[in-house]
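Side chains are part of it too, since the values below use all heavy atoms of this structure and drop only hydrogens, waters and symmetry mates. The shown structure was predicted, so the numbers you read here are calculated from the model rather than taken from an experiment.
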Amino acid sequence: MTEASYKVSYRIALAGEAHVIGESLIKPCVQDIVSCVLGESCSKQVESVSLSNNTVKKRINDIADDIELELISRLQACNAYALQLDESADVAGLAILLVFVRYDFNKKTEEDLLLCESVSINTTGGEYI
């Protein structure tokens, strides 16, 4: 059941949905589908899959930590890598620093987002006048 919780949490993260959608929408839908297709007894098993807001948040953080560790491991194992820095702005005009990394892995070039951090300045031209 833990694996199912991680898989659903991953999909919630990919979709950018609010974490409460797991318990408020996804779980009831899955229970309806399983009940119709496989029967009520199988539907009861779905109830034990934890999809609360806090659980989904924890699962997403666990997945992110694992991805970060995997990327660090890959970078430590390669001979060289290239960094690319970029700047973007959010809707409030605050600057966001993006750092991308390119490296060879399994005989092909990979590109990953290494860092995405907000910077405490605005990027509008009025800031420099």
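Heavy atoms of other residues, nucleotides or ligands lying less than 6.0 angstrom from OH of Tyr81 number 12 at most.
Taking the side chain as every heavy atom from C-beta outward, Cys78 and Asp104 never approach each other to under 4.5 Å. Put simply, the side chain of Leu75 reaches to within 4.5 Å of the side chain of Leu71, judged on heavy atoms. Between Ile12 and Ile26, some side-chain heavy-atom pair lies under the 4.5 Å cut-off. Looking at heavy atoms from C-beta onward, Thr2 lies in side-chain contact with Arg59 at the 4.5 angstrom threshold. The closest side-chain heavy-atom distance from Lys27 to Val46 is below 4.5 Å. The side-chain heavy atoms of Val8 and Val30, taken from C-beta on, include no pair separated by under 4.5 Å. Arg11 has its side chain out of reach of Glu17: every pair of non-hydrogen atoms, C-beta onward, lies at least 4.5 Å apart.
Rounded to the nearest 0.5 angstrom, Thr55 OG1 and Ile60 CD1 are separated by 11.0 Å. Atom-to-atom distance recorded for Leu38:CG and Ile33:CD1 is 10.5 Å, nearest 0.5 angstrom. The CG atom of Leu51 sits 6.0 Å away from the OG atom of Ser9 when rounded to the nearest 0.5 Å. Note: Arg74 CZ to Asn106 CG = 7.0 Å, rounded to the nearest 0.5 Å. Atom CD of Glu23 is separated from atom CG of Asn54 by 9.5 Å, given to the nearest 0.5 angstrom.
A side-chain donor-acceptor contact under 3.5 Å links Ser5 to the backbone of Ser50. The backbone N or O of His19 lies less than 3.5 Å from no partner atom in the side chain of Lys57, so there is not a single donor-acceptor pair.
Leu83 and Phe105 fall within a single hydrophobic cluster, where Ile, Leu, Val, Met, Phe, Trp and Tyr side chains are chained together by heavy-atom contacts under 4.5 Å. Linking Ile, Leu, Val, Met, Phe, Trp and Tyr residues whenever their side-chain heavy atoms come within less than 4.5 Å leaves Leu69 and Val99 in two separate clusters. Taken together through direct or relayed side-chain contacts under 4.5 Å among Ile, Leu, Val, Met, Phe, Trp and Tyr, Tyr103 and Leu114 form part of one hydrophobic cluster. Cluster membership for Val56 and Met1, using ILVMFWY side-chain heavy atoms within less than 4.5 angstrom, is shared. Hydrophobic clustering keeps Leu113 apart from Ile67 (ILVMFWY residues linked when any side-chain heavy atoms are closer than 4.5 Å, directly or through intermediates).
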Notebook entry, point to check: Where do Ser88 and Leu98 land on the side-chain contact (heavy atoms from CB on, under 4.5 Å) test, with the steps shown first?
Noted result: CA-CA 7 Å; Ser88 186; Leu98 304 168; 4.2 Å; yes
Next item on the list: Please assess Gln31 against Ser43 for the test side-chain hydrogen bond (donor to acceptor under 3.5 Å, both in side chains), listing each intermediate value before the final yes or no.
Entry: CA-CA 5 Å; Gln31 285 176 306; Ser43 176; 4.8 Å; no
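Pairing each heavy atom of Ile96 with each of Cys116, the nearest pair is CG2-SG, 3.7 Å.
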